[in-house]
Amino acid sequence: MSKKDNLEFEKAYIPKDYEQKIYQKWESSGAFNPDNLNLSKNAEKYSIVMPPPNVTGTLHMGHAGMLAYQDILIRFHRMNGFRTLWLPGTDHAAIATQTKVEKIIKDEGLSRHSLGREKFLARVDQFAQNSHDTIENQIKKIGSSCDWSREAFTLDTTRNKAVNLVFKLMYEDGLIYRGERVVNWCPRCHSTLADDEVEYKEETGKLYWLKYGPFVLATARPETKLGDTAVAVHPGDKRYKKMVGKEYEIQGVLGKFTVKVIADRSVDPEFGSGAVKVTPAHSFIDSEMALRHDIPTKKIINEDGKMMENCGKYAGMTTIEAREAIVEDMQKMGLIDHIEENYEHKLSLCYRCDTVIEPLPSLQWFINVNKKTDSLDGKSIKEISTEAIKGGVFGKEKINIVPERFEKNYLNWMNDLRDWCISRQIWYGHRVPVWYKGEEIFVGESAPDDGDWVRDEDTLDTWFSSGMWTFSTLAENPDQMKIVDGKLKINSTDFKNFHPTNVLETGYDIIFFWVARMIIMTTYAIGDIPFKDVYLHGLILDEHGKKMSKSKGNVIDPLDMIVKFGTDATRLSLIIGSTPGKDIRLSEEKIESLRNMVNKLWNISRYIIQTIQVDDASIDKSSLTIPDKAILEATRSLIAEVSSDLKAYRFSKATELLRDFSWNELADWYLEATKFDNSTEKKKILTLVLKDLLKLWHPFIPFVTETIWEKFNSSLLLIEKWPSTSKYDNILGDFDDSEFYLFNKTKGIISAIRNIRAEYNVSPGKKIEVVIYAGEQTEFIRSQEMLIKSLRTGVEKLTIKECGNKIHNSVYISQNGIEIYIPLGSLIDTEKERIRLEKELIDTKKYLVSIEGKLKNKSFIENAPKEVITRERKKVESAKEKIQKTENFIKQLS
RNA sequence: GGGUUUGUAGCUCAGUUGGUUAGAGCGCCACGUUGACAUCGUGGAGGUCUCCAGUUCAAAUCUGGACAGACCCACCA
């Protein structure tokens, strides 16, 4: 190590001085790409396909957390010699991105229709490209060690090929069909939405009680009266029994119309008057009832959310305008019984633009989730996707969800799943690969040559393509994909090596949107599972437990935090204190405190590398001191625990152990001990421990550890071998286990002396005398003399004897059978000491009583395990001894 | 309405299969420039583990209930 290097070791770690350079070094090394690592052919495979961020803007804390978790797993496995692939990418996020661009061009006075499909799409592509570049840069800032050479986009040509092939496959299998059904329609997006793309919001409105022929019935939407074709009651409702099956003439605002009375179980007799008007065109439940009872459908609301031409003078009004107008007219006509104010109900909203959803009948493409098919061994999509979680499919083990409780969630959702509407009337996305010529339909990538085929105008639900993400990304080009025997075959090395992926790491909020869709698409198209494990992280909330949102102004931007406190601290703040599936609260203070942690590690390393220097020679067992053995044992157990924690996704536990080890065991005790204990082995031990510690920390805080590694090693920490416990087993194997914990006794004595000094306000510079009577432990305590005198105790004269007389004018401590006297002379306040000792005596006596009580209990002796009883007996002995010694001392105090 | 989940120090959270005189970080108080670190050190105060009942020799930990909060699904027209 040169002098120059030492000087470069700044007093504090300044992340921004290093992070960019370090990332470039990693990236240019090529080590993110497993093909470059000279791994043996038999190396175990490990793969994660990154959940692709939407190209709608920038990354937030949730993304940072997701990237941190995945990067930890990836770095851990890479260091463990796995052929490790982390494949990055972005999602075109059809509706979301289109909506965003529509807002932007609106400010320019443009609309997508005024621009036309081609020009509009060019604008969206441009926006998506910019977004992509920003996002890629941000993913790098977070330190993600993903393989950029394999980057994918859900809307690129390779992924488009997969979409077209799978669409065709499902169509030919009869699983994709076109049909006219009531769908969730967003009048603003001008498109359908899937059931789970609809959100609900509480609203206080009015409930209108209408005079409705022979009925009085309640509705929140009187304007839909124009589309009514029936009245429904519960089959068991005696009030209406005689009316079921009959037809009645109803007075409406546009004249009289006829409805049929039907009996249906879905009607709640407790609600309103127990009779409900049925509008099959504009309500899911009503449309289902209409199908069951063969009731006609009358559509009265169009795709703009406005009343249609069949609505007479109300035509062209929005539903809200029509409601007001119709209510006014009905009141005039005496058709309103009364109006109930403050009626609580829920509005359905579009999850992308918050517009009120209008259910209406529309001709759309659907995936049939209940149809049994030969290509799924005679099972339906719903059945196979359920079994994949329950017991496993295709001879594979079941997919594990962490935490397990979400499996139930998934299964419930799958059980209730209705046919999935996959067509969207937006422009940005994968175009439905269907062509029409008169009555003829052709499904395929391009139209047949004969004649005028017209392509379907619609695009596909964005989740249709992201549902294929785990396998479509493993194809390098479109030509590697083919349909063979009713399955999609991907002929690529990556697919062979890395599918199924090991773990899908994502937030629990998209388990239905995405996790379920991937299982559906992969089991169907590939005949395999997409991943073995699913690890679900929680949402990141602000310090008060509220969701972060721009409108609340409580957003913590990861990039701001990276600038302020560094990437490593930001990453740690998202890991520490988190448990799977549970939300985590984040505050700037938390990130700051972890910045301190990172800096502490920096300074530990600074001290070792700069002051102690490093020495890689092998350690001589015969000269190990008590603190040496303690730190070696602590390191051994740290390696074992961090490794097993990472295998079991216990991220937080691992970081807590690392923090406690670094700050307490190493910095506060061992490092301090080495300053005064000139063991010849300390350099070697510190070198060994520091190197392994940096390796263990590396997946969590890659930048600072790599930066430190550079100071004494030319290789990349990124691809260092993960530490093993065997080196420590070799060194420690010969020692008695109890030796590892002897250092705790020394620590206890030192802390006790410091405590008394502080309590008596002994000024820091003042030297004191200490007398210890250690009985059987005298020899051991003598070996610790140097440490007891040196570690900030200010002990000048230390006397260690087996036993001796009580010492007057001194503070007395009894600990682990050792008597400690600190003669403070005039500083002693006899009364204060008496109070302190008597309080301690009372506490110890209470403690003794409780344990003796246990031991006197016959059933305790009979039932408790032997080792518990022995432990309790030992407690009694030591408590008694302490009481006796303390009592004796109090007597002499006066 | 159905389901999930949480309630431990002022705050954020640990606490493996029941046996600890219940822990950490932040914050707070006192003292402090001792060969890395004031982004630091040393010491301290602070908890009837939400409440009630039960199981057990033994409950923060298991069971039931109450109270309070968070979330998800369904949805009433």
Side-chain angles (χ1 to χ4, degrees), chain A residues 9 11-13 196 200 207 217-221 224 232 266-268 270-272 275-279 283-286 343 345-346 348 403 405-406 408-409 412-413 416 508-509 511-512 538-539 541 543 545 565 569 576-579 581-587 589-590 592-612 652-653 656 659-660 663-664 667-668 671-672 675-676 751 754-759 761-765 790-794 843-844 846-848 850-851 854 857-865 867-869 871-872 875 879:
Chain A
F9 225 128
K11 210 169 168 181
Y13 173 63
D196 46 354
Y200 296 93
L207 187 65
L217 47 78
T219 180
R221 299 196 60 186
T224 60
S266 67
V267 178
D268 176 6
E270 303 292 319
F271 184 87
V276 53
K277 63 191 207 58
V278 181
T279 321
S283 152
F284 284 94
I285 292 205
D286 292 5
Y343 171 64
H345 65 131
K346 278 179 185 165
S348 332
R405 61 187 147 88
F406 282 97
K408 208 173 170 181
N409 258 14
N412 287 341
W413 183 84
D416 295 341
Y508 67 78
D509 52 331
I511 183 165
F512 306 136
L539 271 36
L541 308 174
E543 57 191 312
F565 302 113
I576 208 158
S578 73
T579 30
K582 246 185 87 180
D583 298 344
I584 181 170
R585 295 182 186 199
L586 184 67
S587 63
E589 290 72 40
K590 183 176 181 186
E592 187 181 359
S593 77
L594 291 161
R595 185 269 316 261
N596 298 352
M597 170 65 238
V598 169
N599 189 59
K600 187 73 185 182
L601 182 64
W602 172 265
N603 271 294
I604 289 169
S605 310
R606 180 171 187 249
Y607 176 69
I608 295 173
I609 295 170
Q610 204 171 41
T611 315
I612 306 282
S652 182
K653 185 76 188 301
E656 283 168 51
R659 180 193 58 195
D660 295 346
W663 212 311
N664 299 326
D668 290 348
L671 231 46
E672 292 303 320
K675 287 178 183 172
F676 307 100
S751 297
R754 287 169 177 171
N755 174 348
I756 295 301
R757 285 191 71 114
E759 240 172 76
N761 281 325
V762 179
S763 67
S790 313
L791 291 184
R792 298 178 192 199
T793 50
D843 289 348
T844 316
K846 269 189 205 159
Y847 173 58
L848 180 64
S850 79
I851 295 168
K854 264 193 213 174
N857 188 333
K858 263 190 191 171
S859 15
F860 174 72
I861 303 294
E862 280 163 17
N863 295 307
E867 66 261 27
V868 174
I869 298 172
R871 205 188 310 152
E872 296 302 305
K875 284 181 191 169

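Chain naming here is simple, since letters A, B, ... match the order of the sequence lines and numbering starts at 1 in each. What you see is a predicted model, and the numbers here were worked out from it, not measured in a lab.
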When rounded to the nearest Å, what value does the distance between [atom1] atoms of [N] and [M] take?
| N | M | atom1 | value |
| --- | --- | --- | --- |
| B:A60 | B:G19 | P | 10 Å |
| B:U56 | B:U17 | C1' | 16 Å |
| B:A14 | B:G23 | C1' | 7 Å |

Which nucleotide in the list [options] gets nearest to the side chain of [X]?
| X | options | value |
| --- | --- | --- |
| A:Arg659 | B:A77, B:G25, B:A36 | B:G25 |
| A:Glu672 | B:C76, B:C37, B:G3 | B:C37 |
| A:Pro764 | B:C37, B:C57, B:C31 | B:C31 |
| A:Lys346 | B:C75, B:A77, B:C37 | B:C75 |
| A:Asn409 | B:C57, B:C72, B:G43 | B:C72 |
| A:Ser593 | B:G25, B:C71, B:A77 | B:G25 |
| A:Phe512 | B:C72, B:A24, B:C57 | B:C72 |

Could you state the [atom1]-[atom2] distance from [X] to [N], rounded to the nearest angstrom?
| X | N | atom1 | atom2 | value |
| --- | --- | --- | --- | --- |
| A:Arg405 | B:C71 | CZ | P | 14 Å |
| A:Ile861 | B:U56 | CD1 | P | 19 Å |
| A:Lys653 | B:C13 | NZ | P | 18 Å |
| A:Asn599 | B:A36 | CG | P | 14 Å |
| A:Met597 | B:C40 | CE | P | 11 Å |
| A:Phe271 | B:G1 | CZ | C1' | 14 Å |
| A:Ile604 | B:C40 | CD1 | P | 12 Å |
| A:Asn603 | B:C40 | CG | C1' | 9 Å |

With respect to the phosphate group of [N], does any side-chain polar atom (N or O) of [X] fall under 4.0 Å of OP1 or OP2?
| X | N | value |
| --- | --- | --- |
| A:Ser751 | B:G43 | yes |
| A:Tyr607 | B:C37 | no |
| A:His345 | B:A77 | yes |
| A:Asn863 | B:A58 | no |
| A:Lys675 | B:U34 | no |
| A:Trp663 | B:G41 | yes |
| A:Lys875 | B:U21 | yes |
| A:Arg754 | B:G43 | yes |
| A:Lys600 | B:A38 | no |
| A:Arg585 | B:U12 | yes |
| A:Lys582 | B:A14 | yes |
| A:Thr579 | B:A14 | yes |
| A:Asn755 | B:G44 | yes |

message: What I want to find out is whether A:Lys854 reaches A:Glu872 closely enough, with some N-O distance under 4.0 Å, to be called a salt bridge.
response: yes
query: If you measure from the Lys or Arg side-chain nitrogens to the Asp or Glu carboxylate oxygens, is any gap between A:Arg792 and A:Glu672 under 4.0 Å?
result: yes
Assign [X] to base, sugar-phosphate, or nothing according to its heavy-atom contacts below 4.0 angstrom with the strands shown.
| X | value |
| --- | --- |
| A:Ala220 | sugar-phosphate |
| A:Tyr200 | base |
| A:Thr219 | sugar-phosphate |
| A:Lys854 | sugar-phosphate |
| A:Arg757 | nothing |
| A:Ala667 | base |
| A:Asp668 | sugar-phosphate |
| A:Ile285 | sugar-phosphate |
| A:Arg595 | base |

Should [N] form a Watson-Crick or G-U wobble pair with both distances under 3.5 Å, which nucleotide is its partner?
| N | answer |
| --- | --- |
| B:U16 | none |
| B:C26 | B:G10 |
| B:A70 | B:U4 |
| B:A45 | none |
| B:G64 | B:C52 |

task: Could you tell me whether the side-chain ring of A:Phe860 sits stacked on the base of B:C57, using a centroid cut-off under 5.5 Å and a plane angle under 30°?
output: no
5'-most by nearest nucleotide on RNA chain B - A:Pro865 or A:Ser283: A:Pro865
Minimum heavy-atom distance between [X] and [Y], given as atom pair plus value:
| X | Y | result |
| --- | --- | --- |
| A:Ser605 | A:Phe9 | C-CZ, 4.0 Å |
| A:Asp583 | A:Leu541 | CB-CD1, 3.6 Å |
| A:Tyr200 | A:Ser348 | CE2-OG, 3.8 Å |

task: Report the C-alpha distance between A:Ser652 and A:Glu656 in whole Å, list the side-chain angles of each, state the deciding distance to 0.1 Å, and finish with yes or no for side-chain hydrogen bond (donor to acceptor under 3.5 Å, both in side chains).
output: CA-CA 6 Å; A:Ser652 182; A:Glu656 283 168 51; 2.9 Å; yes
- request: Spell out, as yes or no, whether a donor-acceptor pair under 3.5 Å connects the side chain of A:Thr611 to the backbone of A:Tyr607.
  value: yes
- prompt: So is A:Lys600 actually on top of A:Tyr13's ring, under 6.0 Å and inside 45° of the axis?
  reply: no
query: Tell me, do A:Phe565 and A:Val598 make a side-chain contact under 4.5 Å, heavy atoms counted?
result: no
